[in-house]
Amino acid sequence: MIADLLAENPIQDYEALDFEFPDEHINEVDCEEKGPTDVWEMYFDGAVNLSGNGIGAVLVSPDGKHFPIAVKLRFDCTNNVAEYEACVMGLQAAIEMKIRKLEVYGDSALIIYQVKGEWQTKDLKLIPYQKYLLELIKEFEEISFTHLSRDKNQFADALATLAVMAQI
């Protein structure tokens, strides 16, 4: 059918493609092989206000899928405790999902720098959180912690705020 159609409708002004390459001395354009990455991202945040306390975390897969977590805390706590709770919850979820490589982002400089060992933990309420976080970290093949400005952590912040607003 297609051959008949082409035979009945020949192209009058056909020109062959020009296969001369001026850069024929170039054998390879990109020698670095780029395979799929298996590094996930996690963003976390805690919220403490007059309405209550909540935590939010989101895990982002290498292909961009988002897995949100929002939990209303049913106990009074400081903002730093809420931030630690959010980070712990996110790491626990990542471990359950069998994630091996993780980049962690949070807007709490205190937690990020305490976990990295750059700041000391002096608050007695926070020492058990830091110890537990360091235990969780051992479950990962690769893990990094990066401090973000608050405006770059809006999704986790919104989850934490939604958790605070939830009626139980």
Hits for salt bridge (Lys or Arg N to Asp or Glu O under 4.0 Å) against Lys122, two or more places apart or cross-chain, chain-then-number order -> none
Nearest-0.5 Å distance, CG of residue Leu110 to NE2 of residue His147: 10.0 Å
Between Ala163 and Gly54, what is the shortest heavy-atom contact and its length? CB-CA, 4.0 Å
Between the CD atom in Glu103 and the OG1 atom in Thr37, the distance rounded to the nearest 0.5 Å is 7.5 Å
Nearest non-hydrogen partners of Gln130 and Thr121, listed with the distance: OE1-OG1, 2.7 Å
Answer with yes or no whether the hydrophobic clustering places Val164 together with Leu162; edges join I, L, V, M, F, W, Y residues whose side-chain heavy atoms lie under 4.5 Å apart. no
Could you state whether Phe140 and Met42 fall into the same hydrophobic cluster, counting links through intermediate Ile, Leu, Val, Met, Phe, Trp or Tyr residues with side-chain heavy atoms under 4.5 angstrom apart? yes
Roughly how far apart are Met97 CE and Ile95 CD1, rounded to 0.5 Å? 12.0 Å
Between Asp45 (side chain) and Ala158 (backbone), is there a donor-acceptor pair under 3.5 Å? no
I'd like to know if Phe44 and Leu134 are part of one continuous hydrophobic network [Ile/Leu/Val/Met/Phe/Trp/Tyr, side-chain heavy atoms within less than 4.5 Å]. yes
Is Met89 reachable from Val48 through a run of hydrophobic residues whose side-chain heavy atoms are each under 4.5 Å from the next? no
Starting at CD of Glu139, measure out to CD of Gln92 and round the result to the nearest 0.5 Å. 10.5 Å
Write down the atom of Pro62, the atom of Trp40, and the distance for their closest heavy-atom approach. CD-NE1, 3.4 Å
Minimum heavy-atom distance between Leu102 and Ala94, given as atom pair plus value: CD2-CB, 4.0 Å
Got a list of side-chain donor-acceptor pairs under 3.5 Å for residues 77-88, not counting sequence neighbours?
unit_1: Thr78; atom_1: OG1; unit_2: Val81; atom_2: N; d: 3.2
unit_1: Tyr84; atom_1: OH; unit_2: Gln114; atom_2: OE1; d: 2.6
unit_1: Glu85; atom_1: OE2; unit_2: Tyr129; atom_2: OH; d: 2.6

Between OG1 of Thr161 and CD1 of Ile55, what distance do you get to the nearest 0.5 Å? 12.5 Å
same_hphob_cluster(Phe75, Leu126) at 4.5 Å side-chain heavy-atom cutoff: yes
Applying salt bridge (Lys or Arg N to Asp or Glu O under 4.0 Å), name anything that partners Asp107, two or more places apart in sequence or on another chain. none
Please list, chain by chain and in numerical order, all residues satisfying ring-ring contact (aromatic ring centres under 6.0 Å, His included) with Phe145, sequence neighbours excluded. none
Does Asp38 come within less than 4.0 Å of Arg100, counting only side-chain N to carboxylate O? no
Please name the pair of heavy atoms, one in Thr146 and one in Ile112, separated by the smallest distance, quoted to 0.1 Å. O-CD1, 3.7 Å
Qualifying salt bridge (Lys or Arg N to Asp or Glu O under 4.0 Å) pairs, either residue in residues 52-66, two or more places apart: Asp63-Lys65
Give the other cluster members for Tyr43, using side-chain heavy-atom distances under 4.5 Å between Ile, Leu, Val, Met, Phe, Trp and Tyr residues; answer none if it is isolated. Val58, Val60, Tyr105, Leu148, Phe155, Leu159
How many angstroms lie between atom CG of Asn49 and atom CE of Met165, to the nearest 0.5 angstrom? 9.5 Å
Quick check: closest heavy atoms across Lys101 and Ile99, and the distance to 0.1 Å? O-CG2, 3.5 Å
Can you establish whether the number of heavy atoms outside Gln120 located under 6.0 Å from its atom CD is more than 12? no
Counting neighbours of NZ on Lys116 that are heavy atoms of other residues, nucleotides or ligands and sit closer than 6.0 Å, is the number greater than 12? yes
